[in-house]
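These notes concern the structure reproduced below.
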Amino acid sequence: MSKKETKKPAPEEEKLEEQQPAAPESPTPESPAPEPESPETPGGDLELEALKASLSEQEDKFLRLAAEFDNFRRRTQKEKDAIWADATADAVKALLPVYDNLERALKQETSDAAYKKGVEMTMTGLRKAMEGLGVTEIDAVGQSFDPNVHNAVMHVEDENFSENTVAEVFQAGFRLGDKVIRFAMVKVAN
């Protein structure tokens with residue numbers, strides 16, 4: 001071919017050649033790629049120890065957080081139970097005057113059988129409601145005097161009862177679990 005016949009690349013071909021990225025250079029045997037540090041090297045041991053220390057610290061934080069949450073859960077459950085018991089005790093205290101009046105009404109003689117039956121039914125219903133709440137009456141007559149549950153308002157010399165024994169109950173006492181709602185008002189034999 002002559003000079004005139006030499007083909008020049010079309011402008012489109014030139015653009016394509018310019019746009020193609022250059023092939024990446026492969027590493028030459030003279031400059032090898034850097035190798036990652038193995039755990040056997042001193043730098044790897046330090047990094048491994050730092051990671052172990054960090055993991056241990058995170059585990060410790062996690063265990064402490066779990067223990068704190070467990071303590072919080074127990075404390076709130078205990079507080080909730082105490083609030084429930086206090087609210088129940090307060091409600092029962094408000095009903096105790098009604099209980100006392102019904103008890104006095106039952107002790108009165110009456111010729112009206114329907115009236116007496118109605119008072120008995122009301123008292124039975126009140127006792128069942130209190131039992132449903134976990135409230136129990138404190139045993140007193142014939143029991144040994146216990147200042148933790150009895151309130152002695154009288155002493156009597158009575159040979160029918162042994163010393164320091166409850167002879168008579170003036171006002172019934174009640175408890176909710178271990179908590180005394182009202183002490184039993186009693187007469188104690190000496």
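Just the heavy atoms: all of them, side chains too, but no hydrogens, waters or symmetry mates, feed the values below.
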Same apolar cluster: L126 and V119, side chain cutoff 4.5 Å: yes
Are V188 and V156 connected in the hydrophobic side-chain network, where two residues link if heavy atoms are under 4.5 Å apart? no
Distance check, rounded to the nearest 0.5 Å: [X] atom [atom1] versus [Y] atom [atom2]?
X	Y	atom1	atom2	answer
T88	I83	OG1	CD1	11.5 Å
F174	L133	CZ	CG	12.0 Å
E68	N71	CD	CG	8.0 Å
N190	M154	CG	CE	11.0 Å
D60	L65	CG	CG	11.0 Å
L46	L51	CG	CG	11.0 Å

Exceeds 12 heavy-atom contacts within 6.0 angstrom, atom CD of E163: no
Checking T124 side chain against E120 main chain: does a donor-acceptor pair fall under 3.5 Å? yes
For residues 98-116, pull every pair meeting side chain to side chain donor-acceptor pair (under 3.5 Å), keeping only residues two or more places apart or in separate chains. Y99-R127, Y99-E137, D100-Q171, D100-R182, N101-R104
Would you mind listing every ring-ring contact (aromatic ring centres under 6.0 Å, His included) that reaches into residues 72-96, with sequence neighbours excluded? none
Of all the heavy-atom pairs spanning [X] and [Y], show the shortest one and how long it is.
X	Y	answer
A94	P97	O-CD, 3.5 Å
V169	A140	CG2-CB, 3.3 Å
G134	L176	O-CD1, 3.4 Å
F183	H150	CD2-N, 4.1 Å

Should D70 and R73 count as an ion pair when the cut-off is N to O under 4.0 Å? yes
4.5 Å side-chain heavy-atom contact, [X] and [Y]:
X	Y	answer
V92	L96	yes
Q143	I138	no
L102	V98	yes

